[in-house]
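Here is the structure we will look at, set down as structure tokens.
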Amino acid sequence: MIAIIDYDAGNLKSVQKALAFLGEEGVITRDPEEILSADKVILPGVGAFGDAMENLKRLGLVPVIREVADRQIPFLGICLGLQLLFESSEESPGAEGLGILKGKILRIPDQEGLKIPHIGWNSLKLEHNGRLFSGLPEEPYVYFVHSYYLQAEDEQIVKASTEYSAHIHASVEEGKVFACQFHPEKSGAVGLKILRNFCSL
């Protein structure tokens with residue numbers, strides 16, 4: 001069973017549907033025991049960094065997510081779920097992230113001809129043999145929706161990057177913690193392969 005953490009930050013049903021398509025049971029839950037007994041855990045999310053951290057605190061989920069990481073239960077953060085794994089975000093000054101990984105979340109710089117938020121398909125540059133990208137072609141296309149991006153402290157954890165007004169760290173992996181800034185559940189066959197790779201860890 002794969003626990004999909006519900007913390008009032010949306011985007012749960014599309015993840016659950018993608019998992020069902022792969023023949024996997026995805027359970028939307030905020031129950032700590034259910035999350036900690038899952039085979040794998042996914043933290044999706046859209047919205048503001050500070051609000052999301054407040055929701056996680058209010059629901060008592062911050063220590064639960066840290067315990068998932070400590071126990072080495074495979075964990076996947078998607079979009080806002082990636083950003084929350086890090087220490088801070090320019091979107092919400094003063095709000096502390098989960099701090100499971102080191103790095104900061106910055107606003108995508110304005111650039112003439114580019115719209116923010118960054119919405120649409122971009123190719124990835126794959127690096128450092130990320131397990132989520134096993135069996136995928138070079139420069140696969142995936143779907144993004146975001147105004148803020150990750151700058152990881154340790155380049156070695158970055159498994160995919162993209163360019164959109166800045167060099168964006170689009171996917172990371174450290175131990176059993178994985179995260180994608182893009183939406184695999186909305187990225188067609190490539191995204192399903194990424195989710196399948198996560199499910200088969």
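As the structure is a computational prediction, the values presented were derived from the model and not from experiment.
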Check your understanding: Ser161 and Glu127: side-chain donor and acceptor closer than 3.5 Å?
Key ->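 Checked: Ser161/Glu127 side chains pair up, N/O donor to acceptor below 3.5 Å.
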Check your understanding: Between the side chains of Asn197 and Ser134, is a donor N or O closer than 3.5 angstrom to an acceptor N or O?
Key -> no
Practice item. Inspect the surroundings of CD in Gln72 and state if more than 12 heavy atoms from other residues, nucleotides or ligands are less than 6.0 Å away. Key: yes
Exercise for review: Take Lys125 and Glu139, measure what salt bridge (Lys or Arg N to Asp or Glu O under 4.0 Å) needs, and give me the verdict at the end.
Suggested key: CA-CA 5 Å; Lys125 177 174 178 264; Glu139 303 197 356; over 6 Å; no
Review point. Quick one: do Val41 and Phe86 end up in the same hydrophobic cluster if we chain Ile, Leu, Val, Met, Phe, Trp and Tyr together by side-chain heavy atoms under 4.5 Å apart?
Key: yes
Where the side chain of [X] meets the backbone of [Y], is there a donor-acceptor pair that is under 3.5 Å apart?
{"X": "Lys159", "Y": "Leu126", "result": "no"}
{"X": "Asn122", "Y": "Tyr143", "result": "no"}
{"X": "Glu173", "Y": "Val158", "result": "no"}

How about [X] and [Y]: do any of their side-chain heavy atoms sit closer than 4.5 Å?
{"X": "Ile35", "Y": "Ile5", "value": "yes"}
{"X": "Leu36", "Y": "Arg71", "value": "yes"}
{"X": "Leu56", "Y": "Leu84", "value": "yes"}
{"X": "Leu124", "Y": "Tyr141", "value": "no"}

Review point. How far apart are the closest heavy atoms of Tyr7 and Pro44, and which atoms are they?
Key: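 Between these two residues, the closest heavy atoms are OH-O, 2.7 Å.
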Listed pairs under 3.5 Å, donor-acceptor, residues 176-186 side chains, sequence neighbours left out:
from	atom 1	to	atom 2	distance (Å)
Gln181	OE1	Gln83	NE2	3.0
His183	ND1	Asn11	ND2	3.4
His183	ND1	Glu185	OE2	2.8
Glu185	OE2	Asn11	ND2	2.9

Practice item. Compute the ring centroids of Phe144 and His146, then answer whether they are less than 6.0 Å apart. Key: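 Judged by ring-centre distance (under 6.0 Å), Phe144 and His146 do meet the cut-off.
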